[in-house]
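Excluded from the calculations below are hydrogen atoms, water molecules and symmetry mates; all remaining heavy atoms, backbone and side chain alike, are included. Values in this document were obtained by computation on a predicted structure and should not be read as measured data. In each ligand, atom 1 is the first atom listed, and ligand 1 is the first ligand listed.
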Amino acid sequence: MLSRNDCLDLDARDPLAGRRALFDLPDGVIYLDGNSLGALPRNVRPRLEAAVQGEWGRDLIKSWNTADWINLPARVGAKIASLVGAEPGEVIAADSTSVNLFKLAAGAMKLRPGRKVIVTEPGNFPTDLYILQGLRDLLGDVELRVVEPGALHAALDDGVALLLLTHVHYKTGAVHDMAALTARAHAVGALALWDLSHSAGALAVDLNGCNADLAVGCGYKYLNGGPGAPAFLFIANRLQVDFQTPLTGWMGHAAPFAFSDDYRPAPGVLRGLCGTPSVLGLSALEAALEAFDGVDMAAIRAKSMRLGDLFLDLALERCEGFGLGCSREAASRGSQVALTHEHGYPIMQALIARGVIGDFRAPDVLRFGFTPLYVRHVDVWDAVDILSDIMARGEWRQARFHEVSAVT
Ligand SMILES: Cc1ncc(COP(=O)(O)O)c(C=O)c1O
């Protein structure tokens, strides 16, 4: 088994080690929850100060032009595109992931008239399922076909308009084969929509290499845009001209400042916009994305797999009583691991009290995410050391760790 010194050696040789200094991480904290809320990049604070004081405070409404606020969704989208294998004109940053899911799923149904079926999997992230349920109820005559991953191929037939899947599962970290499933959807004439919330910035996603049609993802996880950061959406170039959004807001209009009465969609992916962009949120996200400048996503993925393996090797060796809630094969996992334990909630609270921040997902999953830009090998070693101490002492049995907060 690797020693703490071995981990320090690995950090010394880590090509991404220098990126950690770009983040403002609190002392005494090992942050293993960047898959839920990314840490604060140091350049976000000055960027927001400039946006608030200079752009908003001093220049007021002129900043839509002088600070180019109006092009933030496309500019930030282009930066995200480079991380997910898309062209700059295929991605915009806007709204929340949930709203973008609605826009793209509804748009997909319009692109496949006559087809009435949407396929997804049970246990998908709740908002993905809820949005599809709402869309079905709105449209009426739509079947939501919810099938286990092993049955997806068989569930795709010529009645299917859309396959919607989350690329990396939020709880287990299981990775779908995007290329194969997209190809299968296309073979029956359906479209594929991928939720990249747990992939963007963590895996070397290749949307165009996989021939993906549509995608969405979060700005506040591995992209580090801050709590409630704007999300993104991708519409493949070949679909843009026919894509119709159900939310025909003025910012997605071809000429918003013509103020005409009739809706006419903007060219390209900009038709995916709805209302006025969230300028402060987009400014923070734009600054945060600089942490990826010059970084090879393959290096990020390689380190993320190494960190996950290291955590599992150490935890399963040193801590008794845990089950495995994820694949043992790094290539089949995203940038997170999951342990299961019937007392998972108080164990996670005890860990957080000792400065190791992961999270808990009901009913029994302890989730640990590894953001390769700022998590070190030695952090993983120390986190498992603390976990094994908590288990050996039964520290989690204390009553205070059993009080359930609103957000877990
Ligand atoms: C797969 C997935 N989709 C969507 C979301 C969240 O969507 P929203 O930002 O709209 O709350 C999450 C949040 O954890 C997620 O894991």
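- By the side chain to side chain donor-acceptor pair (under 3.5 Å) test, N35 is found to be paired with no residue, residues two or more places apart in sequence or in another chain being considered.
- Classified by interplanar angle (parallel below 30°, tilted 30° to 60°, perpendicular above 60°), the ring pair H343/H341 is tilted.
- When atom types are taken as modelled, the side chain of S335 and the backbone of F370 share a donor-acceptor pair closer than 3.5 angstrom.
- Qualifying side chain to side chain donor-acceptor pair (under 3.5 Å) partners for Q53, counting only residues two or more places apart in sequence or in other chains: none.
- Enumerated by chain and number, the residues approaching ligand 1 to less than 4.0 Å through a heavy atom are S96, T97, S98, F125, T127, D128, T166, Y170, D195, S197, H198, C218, Y220, K221.
- Under a cut-off of 6.0 angstrom, the local environment of OH in Y263 is crowded, with over 12 non-hydrogen atoms contributed by other residues, nucleotides or ligands.
- For N43, the side chain to side chain donor-acceptor pair (under 3.5 Å) partners at least two apart in sequence or on another chain are E290.
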